[in-house]
Protein chains: 2
Amino acid sequence: MREELSGKQQQIFEFLRTFLEDKDYPPSIRDIQEGCGISSTSVVDYNLRKLEEKGYIRRDREVSRGIEILGARRNRARIIEIPVLGTIAAGQPIPVPTSDRFGNDSDDTVAVTEDMIRGRPNVFALRVKGTSMIEDLIDDGDIVFLEPAQAASNGEKVAVWLKDRGEVTLKRYYHEGTRVRLQPANSTMEPIYTAPENVEIQGRFISSLRPSG
Amino acid sequence: MREELSGKQQQIFEFLRTFLEDKDYPPSIRDIQEGCGISSTSVVDYNLRKLEEKGYIRRDREVSRGIEILGARRNRARIIEIPVLGTIAAGQPIPVPTSDRFGNDSDDTVAVTEDMIRGRPNVFALRVKGTSMIEDLIDDGDIVFLEPAQAASNGEKVAVWLKDRGEVTLKRYYHEGTRVRLQPANSTMEPIYTAPENVEIQGRFISSLRPSG
DNA sequence: GCGCGCCCCGAACGAATGTTCGCCGCAAGC
DNA sequence: GCTTGCGGCGAACATTCGTTCGGGGCGCGC
């Protein structure tokens with residue numbers, strides 16, 4: 001727990017937060033003065049110093065409006081915008097939606113908090129169609145996050161491109177001797193068997209998200 | 001697609017973004033000048049006006065550093081911090097963790113993007129223990145989001161408090177004549193039958209989240 | 001060539017902003 | 001009563017910062 005704040009200090013801190021919230025830039029000392037009904041800029045300065053000492057904010061001297069709020073809030077837990085590149089079949093494979101791979105022009109994105117992808121770079125997302133991965137808790141309409149990958153270990157969930165069909169699908173991957181088995185996680189569905197040369201791994205499953213309805 | 005930017009305008013826009021990223025307050029015109037190796041503040045001003053005309057930024061005149069980046073990025077898609085009030089059994093019910101209801105003192109929170117809860121107020125979260133809801137795609141270790149509720153329709157997933165046992169559990173709710181059936185979503189498990197007076201509904205299921213491992 | 005639009009330059013001006021300084025009131029401790 | 005520390009006040013003062021202004025270069029259409 002951090003040091004206690006006086007009433008005015010709490011008030012200023014709260015004002016700081018809300019101001020940042022909707023303006024996206026920090027208030028000047030005189031903004032705070034007006035916003036909190038304080039009669040002198042020096043009082044604001046005084047309490048700002050206190051707030052800084054107590055570790056609530058950081059000030060950048062010689063910079064106007066150089067105030068940052070420290071700790072939890074907007075600092076950590078940043079939002080990452082993940083591009084949703086299209087739809088992927090978990091069921092019957094469906095054609096690759098747009099350009100050569102997945103297409104890169106869509107403006108469709110999902111915002112997730114950083115911890116969903118744990119710092120992996122280049123994560124992308126696909127909308128799931130079908131229920132073939134239902135036993136892996138991936139349902140129709142879910143969004144899956146994938147990271148680019150060219151290879152997979154047995155049992156990993158991957159998005160693969162089936163060259164002969166020109167389609168992509170989400171399955172568990174098993175390399176079995178001279179063939180590849182693409183296994184749905186749905187006991188009512190049959191696996192796909194194909195030649196290794198026919199499959200091109202597009203991405204490795206990271207996590208899924210079920211948009212609330 | 002928005003209007004094209006000249007090289008310098010792109011450079012400035014990029015600088016703006018990265019500056020915002022790590023400082024958390026916008027740069028002054030002279031910051032931009034230095035950062036982009038421009039020889040006059042008026043050039044910066046000129047291009048900033050262009051950027052504003054083209055809809056990339058918004059400037060607040062008569063405010064120093066009054067620059068906001070418009071569009072997708074950091075602007076909307078807010079983060080909500082949901083308190084995680086404890087653990088709930090999806091399996092054998094477990095004792096209510098802390099104080100009278102769920103306890104309200106924990107600092108544990110999960111950050112989610114706004115669209116997970118679609119503006120519902122007072123949403124809270126519980127960590128799931130057990131696999132009794134596995135067929136509803138809720139696994140052990142998942143986090144479920146609930147909204148406060150006192151009643152439920154048949155088939156809804158709810159967190160209920162079993163008075164006689166002093167325990168809470170997550171189940172599907174069915175009112176059947178003189179009794180209540182609490183149905184797990186796991187075919188290997190049996191429902192709980194009990195009297196309506198014995199159950200107190202604590203919350204209605206909204207969505208779940210599987211923290212990435 | 002000439003005008004025009006676009007982009008850049010440097011310097012200066014004035015408004016916005018952070019900081020300092022002397023002074024006051026009040027409560028706690030001696 | 002006196003001192004000391006906290007919190008507040010108001011008025012300068014010194015920087016920081018945004019804006020303006022006269023001017024220049026370059027390419028394009030007439």
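Residue numbers begin at 1 in each chain, while the letters A, B, ... track the order of the sequences.
When every heavy atom of B:Pro148 is checked against every heavy atom of B:Asn122, the shortest pair comes out as CD-O, 3.3 Å.
Taking B:Arg59 as the reference, B:Asp45 meet the salt bridge (charged side-chain N to carboxylate O under 4.0 Å, His left out) condition, with sequence neighbours excluded. Here B:Asp60 pairs with A:Tyr25 under the side-chain hydrogen bond (donor to acceptor under 3.5 Å, both in side chains) rule; sequence neighbours left out. Every residue meeting the side-chain hydrogen bond (donor to acceptor under 3.5 Å, both in side chains) condition with A:Asp142, not counting sequence neighbours, appears here in chain and number order: A:Arg210. Checked against ring pair (Phe, Tyr, Trp, His ring centres under 6.0 Å), A:Tyr173 has no partners two or more places apart in sequence or in another chain. The side-chain contact (heavy atoms from CB on, under 4.5 Å) test applied to A:Glu34 returns no partner, not counting sequence neighbours. Every residue two or more places apart in sequence or in another chain that forms a side-chain contact (heavy atoms from CB on, under 4.5 Å) with B:Arg172 is listed here: B:Met133, B:Asp136, B:Lys157, B:Tyr174, B:Gln183. Every residue meeting the side-chain hydrogen bond (donor to acceptor under 3.5 Å, both in side chains) condition with B:Glu156, not counting sequence neighbours, appears here in chain and number order: B:Arg204.
One can place CD1 of A:Ile67 at 12 Å from P of C:dT17, the figure rounded to the nearest angstrom. Between the OH atom of B:Tyr25 and the P atom of C:dT17 there is a distance of 15 Å, given to the nearest Å. In this structure, CD1 of A:Ile38 is placed 8 Å from P of D:dC9, rounded to the nearest angstrom. Across the protein-nucleic acid pair, A:Asn47 atom CG and D:dC9 atom P stand 10 Å apart, rounded to whole Å. Here the P atom of nucleotide C:dC21 and the OH atom of A:Tyr46 are 17 Å apart, to the nearest Å. The distance between atom CG of B:Asp31 and atom C1' of D:dT15, rounded to the nearest whole Å, is 14 Å. At whole-Å resolution of the value, CG in B:Leu48 and P in C:dC8 are 12 Å apart. Rounded to an integer number of Å, the gap from CD1 of A:Ile12 to P of C:dG18 is 13 Å.
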Protein-to-nucleotide contact annotation, 5' to 3' order, nucleotides 19-25 of chain D [B base; S sugar-phosphate only; - none; under 4.0 Å, heavy atom]: BBB----

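Between its opening and closing five pairs, the helix from C:dG1-D:dC30 to C:dC30-D:dG1 changes axis direction by 0°, a value rounded to 10 degrees.
Considering only the side chain of B:Val63, C:dT17 comes nearest among C:dT17, D:dG8, C:dC9.
Rounding to the nearest 0.5 Å places CD1 of B:Ile32 at 8.5 Å from CZ of B:Phe19.
For A:Ser39, a side-chain nitrogen or oxygen approaches OP1 or OP2 of D:dG10 to under 4.0 Å.
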